[in-house]
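To keep things clear, I will list the structure first and then write my remarks on it.
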Amino acid sequence: MVTKTNSSLKECTPIIEVSELDFAYGSTQALFNVSMDIYEKQVTAFIGPSGCGKSTFLRCFNRMNDLIEVAHTKGGNIKINGVDINKPDVDVIELRKHVGMVFQKSNPFPKSIYDNIAYGLRIQGIKKKEILDQVVEECLRSAALWDEVKDRLQESALGMSGGQQQRLCIARALAVKPRILLMDEPCSALDPVATAKVEELIHELKKNYTIVIVTHNMQQAARVSDRTAFFYLGKLIEYDATDTIFMNPNNEQTEAYVSGRFG
Amino acid sequence: MLSRKKTDSCTTSFSHRKSILLGLDSDSIIKKFFGSTAMVAILVLGLITIFLFKEGAGFIGLYHKSLKEYRLSGLEYVDILKEKREGYASLTRYLNDIKAEWINALRAEGLTQSEINKQVMAPEAKAFFFGYMRAGGEIRSFVKDKMDLAIASRDQHTTNENLRETLNNYVAQIKRLKESALSWSEENRNTFGLRLREAALSGSIGYDEGTDMRQRAEEVQQGAQLNLEDKELFIKLLEQEYVKVERMIQPVDFSITVKEVVADQEAYKNILIRLEKKLNDIITSSNAITFGSQSITDRIDRFKDLNAIFFNQSAIHLETLASWNSTKEVSVWHAIGAFIRGKDWITASDQQDWYGLLPLLSGSLLISLIALFFAIPFGIGAAIYVNQIAGSVERNFIKPYIEFVSAIPSVVIGFFGVVVFGEAMRFLSQSEFLHWVPFFPLQERLNAFTAGCLLALMAIPTIFTLAEDALNNIPHHFKEASFAIGATPLQTTLRVIIPTALSGIISAVMLGFGRVIGETMVVLLCAGNRIKIPDFTDGFGVFFEPVHTMTGIIAQEMGEVVNGSLHYRALFMVGIVLFFVSLLINYSAQRVVKKYGKLES
């Protein structure tokens, strides 16, 4: 059922390797036997109808599901850089520094723009102002936000527009220098102009980061991703190069979904 | 089928809903009901506030009058005199303390009672200690004479006022009687009966026809028809009574009595000079006594200094007396100031009643401070633990448990404070191994600290519940965002959750403060109820002094004051102050939430 690669994409090293993952909330199983590799410095999109488990799957990569008491992995494993992240000796704090995340709803802290980005460094004990200043500027530039906010760094982040807030959250995630960036429907609350800006940003970030993005918007998946995985009812139906998924899917369900016949 | 028919009929005309009562349909009845309950609540609260202010408002006028009389009658002058006398008296007390200390020191050296007596009762020591005390007879009697004069005139004045009021009552009664018909009220019938009996005893007045008054009184009280003669006699009796009371009024001219009080300033000056000389002689002669230990000699030296200071101030004292003037205007502001800045709360005094807010306000604030000192860390700490750290099992246990504490009646907590906590504190303070604590052992079992600790117990649930709510209201995504960057749970709590919830936490503390300052039963039972401004120079010892509070004094004294008296109105004034303090606290809590509580973008 699962086709892994396609000739049209250049072969890269896998950075996340998932094999036979079963995941459940209490007695309700959310993911069934999911196996896939995610490749370095590519954009991988997860698509599928609501409740298909794509967000759950994404949140397994930085173990955000730990916050939910009843959630647990039933079987299989996830390796990042070859390390099984569910092993008891894995420091989840270190993992999350390595695997950053941007959420569906922009969620800047009720602090200044500067403090929002410096937060990630401060919690690591970095206090030197020069370093903080430098990283804040770097991250804001990476998130294409510097020119818009450089004169009001000390103002509250809550005064920014929605699109700016979401890009600030991306900048904040970049501050701790992750290698992987998880994005859980980052544009679902944004207008088309702001969405375009974020998508542009994703293109830029691809040069330095591995990005995994969950999206409801199939055009967006087609626009930004190199590979696309289609999920349905907790199962990975098809995973292939984005072009293949949208132009010439192997699976009937995938075909039906991308052509808009259901979902 | 029926409903179908109904809708059919409605489709053509969008008729008004069917009325149930007085032309109102069900919706507007419900609306009216809730509206009226809200109105009633507001109305009742408004009436309470109006009542509070109405009863309190008269205070300033009455207090102003009282203070005016205080000055006119010369009592103020006497109080200045008394200050000097008190200064001398406290010096004698100080000397007595030294003597007691000396005896203790001697005992500690291992001397027997007779040996101690030999030293302490030696002629030169006796001359010193007793001589110092006895030297002041002259000043004491001088002050007492002046005081008696002033008090007598003030008392007569007060009596006169009461008598005048009685006279006014008689006038009104006679007037009413003359105008009324023959059918009398039950009250008048009884009064008349009594007066008849009294008149029969004195025999000075009677019926023209010579009716037996005692017999008539019997008849009247048993319901006999009252006639014109009765009425005439009643009026005559009342008029007689009026004259009698009028004769009792002995007009007081304050200006004359005050002259007497203020006189003899030269003689007083001489008394002071003589006293100074006498005391100095006594002190000089005390140099012959050997006290043995250094610490007592030091205290004697200190005593000598104090004595010198006391007489150095004589000149100023005399000047104050000379410049005192009974006719100087007492302004209304003076009365208000005497209430707000007043250091004494003395009621039912034979000289002058004082209604000063400071001892009560400072007591209330001191206790609140102690209560919040304990309640804030415990309340907020528990809230953070329950909300952020504890698992669901712990949460489900701790939260209802803390909230349960607020269900304990305050009188039970107060009772516990008196019987268990106060006793335990005293017992602990007396134990040997805690003697290094500076203010131990405790003098009083019931003090500000006892009350504060128990109030903390009552404030914790308030602070806990509100702070927990504030933490709970923090959107979950702040926590997620922080975790996703690699923050530990502790860092998330300290750097994101608490700063975000700070406004809610501050308002929780404010409302806890409001709860504490308005609490009555616990402070009444446990605070010790001594009306005195706590001695803040005493360092930490101040927390262990018995104090009285604004709420406590109202609860304690309201039951026994004369309705409408100065004292009664003073208590209402305290109530008004309390009202404003609570209002201020609640208002600022709301402001904090409004200003900093905007979390969502």
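On a predicted model such as this, the values are computed, not experimentally measured, just so you know. All values below were derived from every heavy atom in this structure, side-chain atoms included, with hydrogens, water molecules and symmetry-related copies excluded.
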*Whether over 12 other heavy atoms sit under 6.0 Å from B:Y587 OH*: no
_Heavy-atom pair with the smallest gap, counting every atom of B:G486 and A:K97_ = O-CE, 3.9 Å
_Could you tell me if the side chain of B:P499 sits less than 4.5 Å from the side chain of A:F109, heavy atoms only?_
no
*Residues, nucleotides or ligands: over 12 heavy atoms within 6.0 Å of A:K79 NZ*: no
*Report yes if the side chains of A:F103 and B:H477 come closer than 4.5 Å at any heavy-atom pair, otherwise no.*
no
*What is the minimum heavy-atom distance between A:Y119 and B:V496, and which atoms define it?*
OH-CG2, 3.3 Å
*Please examine the side chains of A:D66 and B:F483, heavy atoms only from C-beta on, and report whether any two atoms are closer than 4.5 Å.*
no
*Can you name the closest pair of heavy atoms from A:P108 and B:F478 and give their distance?*
O-CE2, 3.0 Å
*Going through the distances and angles, do B:E480 and A:R59 end up as a salt bridge (charged side-chain N to carboxylate O under 4.0 Å, His left out)?*
CA-CA 11 Å; B:E480 277 191 336; A:R59 292 162 73 95; 2.5 Å; yes
*asked:* If we define contacts as heavy-atom pairs under 4.5 Å, which of A:Q124, A:K111, A:R122 has the most with chain B?
replied: A:R122
*More than 12 heavy atoms of other residues, nucleotides or ligands under 6.0 Å from OH of A:Y25: is that the case?*
yes
*Heavy atoms only, distances under 4.5 angstrom: which of A:L67, A:N62, A:V102 has the most pairs with chain B? Name it, please.*
A:L67
_Atom of B:I485, atom of A:I123 and distance for their closest heavy-atom approach_ = CG2-CD1, 4.4 Å
*Please state whether the side chain, the backbone, both or neither of A:E94 comes within less than 4.5 Å of a heavy atom of chain B.*
neither
*Report, as yes or no, whether the 6.0 Å neighbourhood of atom CD on A:Q154 holds more than 12 heavy atoms from other residues, nucleotides or ligands.*
yes
